[in-house]
Amino acid sequence: MAVAVSPMVKRPLHVLSSPYLRAEQTAEVFRETAGIDRKIELTAALLPEGSWGALIAELDRLVEAGVENVVAVGHNPSISEIAGMIVGGSAFVRVQMKKGAMACFNVDELHGKVAGELQWMITPRMVRSLAR
C-alpha cells in the first residue's frame, strides 16, 4: 500500500500514529517507503477511542510549527468517525475506513463545521486488483 500511495502524497510530510504496535509498524513502513527522515510522532488521538477533537489539538500544534502535510495512522472506530467529521461535520457521518485502507483529505479549516474533503481512498483489495 505504501508503495502505491507515497507518490500521491504532498511533501514534506509529518507522520502521526497511534501508539499501538500494529499502527506504529504501518506508519514506519510508510515513512521508510516515502523517504521521510523525520521520526513518527505517537498520539493517543488516533487510538480506537480517539476523537476528532483530540486530533485537532495535535494538528493545531503542528500547524503552529509550520507543518502543512500530515499522515495519520489510526484505528477504528475513531478513524472512520474522524473521516466523517472532516467531510460531513458530524459524528453521524461515516466514511468507512476498512482495515488497511488509506485516504487523503484536503483539510482547509480545522475549526469549521466541515473541515475539508476526501481527495482519494484506496483499500488493500484495490491495490491487489491493480497488481494483477
Side-chain angles (χ1 to χ4, degrees):
M1 287 284 290
V3 172
V5 300
S6 66
M8 298 187 297
V9 181
K10 288 183 182 178
R11 304 285 195 276
L13 291 171
H14 189 92
V15 181
L16 292 178
S17 176
S18 155
Y20 285 2
L21 180 61
R22 182 77 174 130
E24 192 174 353
Q25 289 171 333
T26 299
E28 181 60 26
V29 167
F30 181 84
R31 188 191 71 76
E32 289 176 1
T33 302
I36 301 167
D37 293 330
R38 184 178 296 166
K39 288 189 172 192
I40 296 165
E41 185 175 340
L42 304 180
T43 176
L46 294 167
L47 288 170
E49 63 275 9
S51 69
W52 176 230
L55 185 57
I56 286 175
E58 296 286 341
L59 295 173
D60 277 340
R61 181 181 55 76
L62 293 173
V63 167
E64 284 183 25
V67 174
E68 293 183 14
N69 301 305
V70 177
V71 171
V73 180
H75 309 275
N76 271 319
S78 65
I79 204 73
S80 288
E81 291 172 5
I82 289 167
M85 291 296 294
I86 292 170
V87 300
S90 168
F92 299 107
V93 175
R94 294 292 175 130
V95 174
Q96 186 60 42
M97 297 290 296
K98 298 282 187 185
K99 187 175 186 173
M102 297 183 85
C104 177
F105 297 91
N106 180 15
V107 177
D108 51 11
E109 179 53 55
L110 288 175
H111 300 281
K113 180 151 175 69
V114 176
E117 59 188 28
L118 176 65
Q119 299 294 303
W120 53 260
M121 181 184 293
I122 189 166
T123 65
R125 185 178 191 180
M126 294 166 92
V127 171
R128 286 191 300 271
S129 293
L130 291 171
R132 291 183 196 150

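Just so you know, these numbers use all the heavy atoms, side chains as well, and skip hydrogens, waters and symmetry mates.
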Open item on the list: I need the single residue from Val71, Leu62, Asn69 that forms a side-chain contact (heavy atoms from CB on, under 4.5 Å) with His14. Which is it?
Closed with: Leu62
Open item on the list: Donor-acceptor check, side chain of Asn76 to backbone of Met97, threshold 3.5 angstrom: yes or no?
Closed with: yes
Task: Distance, nearest 0.5 Å, that separates NE2 of His111 from CG of Leu59 - done: 9.0 Å
Task: Heavy-atom side-chain proximity of Val15 to Arg38 below 4.5 angstrom - done: no
- [ ] With the side chain counted from C-beta on, respond yes when Val95 and Ser80 share a heavy-atom pair under 4.5 Å apart, and no when they do not.
- [x] no
- [ ] Using a 4.5 Å cut-off on heavy atoms from C-beta on, say whether the side chain of Leu46 contacts that of Val73.
- [x] no
Open item on the list: Are Lys39 and Glu41 packed together at the side-chain level, in the sense that at least one heavy-atom pair is separated by less than 4.5 angstrom?
Closed with: no
Open item on the list: Test of understanding: clusters of I, L, V, M, F, W, Y form through side-chain heavy atoms closer than 4.5 Å, transitively. Do Phe92 and Ile79 belong to the same one?
Closed with: no
TODO: Using a 4.5 Å cut-off on heavy atoms from C-beta on, say whether the side chain of Phe105 contacts that of Val70.
DONE: no
TODO: Can you establish whether the number of heavy atoms outside Arg61 located under 6.0 Å from its atom CZ is more than 12?
DONE: yes
Open item on the list: Just verifying a value: how many Å separate Met126 CE and Lys98 NZ, rounded to the nearest 0.5 Å?
Closed with: 13.0 Å
Task: Rounded distance [0.5 Å steps], CD1 in Ile40 versus CD in Glu24 - done: 6.0 Å
- [ ] Drop me the distance from Ile86's CD1 to Glu81's CD, to the nearest 0.5 angstrom.
- [x] 12.5 Å
Task: Least distance between heavy atoms, Ser78 atom then Gly50 atom - done: CB-O, 3.3 Å
TODO: Could you point out which residue of Leu118, Val114, Val107 forms a side-chain contact (heavy atoms from CB on, under 4.5 Å) with Val87?
DONE: Leu118
Open item on the list: To check you understand the geometry: which heavy-atom pair defines the closest contact between Ser18 and Leu47, and what is its length?
Closed with: OG-CD2, 3.5 Å
Task: Closest contact, heavy atoms only, Ser51 versus Ala54 - done: OG-N, 3.1 Å
- [ ] Report yes if some heavy atom in the side chain of Leu55 is under 4.5 Å from a heavy atom in the side chain of Met85; otherwise report no.
- [x] no
Open item on the list: Using side-chain heavy atoms (C-beta onward) and a distance below 4.5 Å, is Leu110 in contact with Trp52?
Closed with: yes
- [ ] State, to 0.1 Å, how close Asp37 and Arg31 come at their nearest heavy-atom pair, and which atoms those are.
- [x] O-NH1, 3.9 Å
